[in-house]
2 protein chains.
Amino acid sequence: MSTPGVARQPVEPTAAQQRVITAALTLFAEHGIGGTSLRMIAAELKVTVAAVYHQFHTKDEIIFAAVESQLRRLEDAVERAESEPTTRRARQAIIEGLVELTMGVGRSMSSVLNDPAITGSFSRHAGYRDLLRRLQILLMGEDSSKESRVRIVTLLAALNGTASHPLVAHLDDDTMRRELLNIANQVLARPRR
Amino acid sequence: MSTPGVARQPVEPTAAQQRVITAALTLFAEHGIGGTSLRMIAAELKVTVAAVYHQFHTKDEIIFAAVESQLRRLEDAVERAESEPTTRRARQAIIEGLVELTMGVGRSMSSVLNDPAITGSFSRHAGYRDLLRRLQILLMGEDSSKESRVRIVTLLAALNGTASHPLVAHLDDDTMRRELLNIANQVLARPRR
DNA sequence: GTCTATAGACCGATAGAC
DNA sequence: GTCTATCGGTCTATAGAC
C-alpha cells in the first residue's frame, strides 16, 4: 500500500534531471540561489544551457525540484523514525537522521531550505509544514507549545548553520557528526531552570 | 586613547552612504545578496542607479560596507561587554547584546553574515576572526577547544536562523527576545552528560 | 547629488538543426 | 539529448549634462 499523509506525489526525476538537481544544489550552497545562473549549472555539467532547458523548462522548476529532493530526503528520515517501535527510539532515529541529512551535499541539508528566496514561499508549502509537524511530534511528543515549535526551527538552523560555516569547514566528517549530535541534544534538552 | 585590537579603521560612512547600506541590508534579507540588484536598491531609495553609484563605485563596495556596518555593531556589543567588571556580567552582557543585534534590521544580524556569497570571503577577514575570538573569550573563557569554537558558530547560526525564519516570524518582539535568550543559554550550557 | 543615455556582458528562454 | 544561434530584458558600470 502506498504511503498517504503527505498529499504530494512529486514525479520521480529522471537520471538526467537528478544530475541537474545535484549540480544545482552544489552551486546553490556555494553562491546562493540568486547567485547561481543556468549558465553556471550547465558549465558544472559540461553541457550547454539549452541542454539543461531540455530537462527543466524554467529556472524556477529547477529550484523547485532541488527543494523537493531535499524535502523527500527529510521525509524518508521522518518515515524511518516513525516506524521505530518506541517513542524513545523514534526520537533518537530522527535526530541521527537529521544529522546525516545535514552532512549531505556541501554539508548542508538546505542552503536551499534556508535561502531567503525560498523560505518565504515554502513556509506555505503544505508538504513542508506537514513534515515540520511530524518532526515536532517525533522530537517533543504532543507538546505543541509555541516554545516547542521555535525549538524545531532552531534545531534546523543550528545544524545547517554550523555544518556549512567556513570557520568549521575543516573539521573531518566524524568530528562534525559528533558535534552536530551534541548540538541537537543540547538544543532539544529541557532548560535546566 | 583610541581602541587598538582590531586592525581596521573603516571610514565612517556618510549619511547618504548609510541610507544606501540600510536599503541594501533590507533587500539582502529579503532576496539574498545575489538576488538583489542595484536597480532594486535605487528603487528602494527612490533614486536612479547612477545616484547610487555616486556613493559606492561597485556593488561589491556596497556589500562590503553592509557587512562592515553589521560587524561594527557586533564589535560595539563586544566592547561594551568587555568593559563589564566581572566575567559573569560580561558574559551576560554579550549574550544580551547578541540577542539585540539579532532583533535588528529584518530580524537578522546577518542575512549578510550567513549568505554563502559572504561567509567564504569574510571567514578570512581579520577583523571578523578577531571578533569571534573575543566572543569566544567572553562566552567560554580561556577554553579554546575545538568544541568551544564550534559552539560559537552554532550560537550565531541558531540566533539568526531562528529570528529570521518565516514560520516564527509572527511572534512579537518580546516573545522572540525571550526565546532567543533561552536558545543562547541552552546552546552555551555545558552538556549534562 | 541627481539625472539621462549608453556600453557591453550576462540573464532566462526559445527555435531549429543534427 | 545536445548543439548553435538568437531574442529581449536586465545586469553592472561609466560619461556627461544640470
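Owing to the predicted nature of the structure, the values given are computational and were not obtained by experimental measurement. Here is the naming used below: chain letters follow the sequence lines, and residue numbers restart at 1 for every chain.
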Please list every donor-acceptor pair under 3.5 Å in which a side-chain atom of residues 15-22 of chain A meets a protein atom from a residue at least two apart or in another chain.
{"from": "A/Gln17", "atom 1": "OE1", "to": "A/Thr14", "atom 2": "N", "distance (Å)": "3.0"}
{"from": "A/Gln17", "atom 1": "NE2", "to": "A/Gln55", "atom 2": "O", "distance (Å)": "3.1"}
{"from": "A/Thr22", "atom 1": "OG1", "to": "A/Gln18", "atom 2": "O", "distance (Å)": "3.0"}

Please name all residues satisfying side chain to side chain contact (heavy atoms under 4.5 Å, CB included) with [X], sequence neighbours left out, ordered by chain then number.
X: A/Arg178; answer: A/Thr175
X: B/Ser83; answer: none
X: B/Thr58; answer: B/Asp60, B/Glu61

Gap between atoms [atom1] and [atom2], on [X] and [N] respectively (whole Å):
X: B/His31; N: D/dC11; atom1: NE2; atom2: P; result: 12 Å
X: B/Glu61; N: D/dT14; atom1: CD; atom2: C1'; result: 14 Å
X: A/Tyr53; N: C/dT14; atom1: OH; atom2: P; result: 7 Å
X: B/Phe56; N: C/dG1; atom1: CZ; atom2: P; result: 12 Å
X: B/His57; N: D/dA15; atom1: NE2; atom2: P; result: 11 Å
X: B/Lys59; N: C/dC10; atom1: NZ; atom2: P; result: 15 Å

[X]: what forms a side chain to side chain donor-acceptor pair (under 3.5 Å) with it, not counting sequence neighbours?
X: A/Arg149; answer: none
X: A/Thr36; answer: none
X: B/Arg133; answer: B/Asp130
X: A/Ser164; answer: none

Legend entry - salt bridge (charged side-chain N to carboxylate O under 4.0 Å, His left out) partner of A/Glu82, chosen from A/Arg89, A/Arg91, A/Arg134: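 The option that passes is A/Arg134.
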
Legend entry - Difference in axis direction between the ends of the helix from C/dG1-D/dC18 to C/dC18-D/dG1, five pairs, 10°: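 For the helix from C/dG1-D/dC18 to C/dC18-D/dG1, the axes at either end differ by 10°.
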
Inset, instruction - Enumerate the residues from residues 34-43 of chain A whose closest heavy atom to DNA chain C is under 4.0 Å, giving them by residue number; use none for an empty result. - result: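 Contacts with DNA chain C under 4.0 Å: A/Thr36, A/Ser37, A/Leu38, A/Arg39.
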
Within the sub-3.5 Å range, which N or O atoms of nucleotides 2-5 of chain D have a protein N or O partner, and how far apart are they?
{"from": "D/dC3", "atom 1": "OP2", "to": "A/Thr48", "atom 2": "N", "distance (Å)": "2.5"}
{"from": "D/dC3", "atom 1": "OP2", "to": "A/Thr48", "atom 2": "OG1", "distance (Å)": "2.8"}

Side chains of residues 38-46 of chain A: which donor-acceptor pairs under 3.5 Å do they make with residues two or more places apart or in other chains?
none

Legend entry - Electrostatic pair A/Lys146:B/Glu179 at N-O distance under 4.0 angstrom: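 Salt bridge flag = no for B/Glu179 with A/Lys146.
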
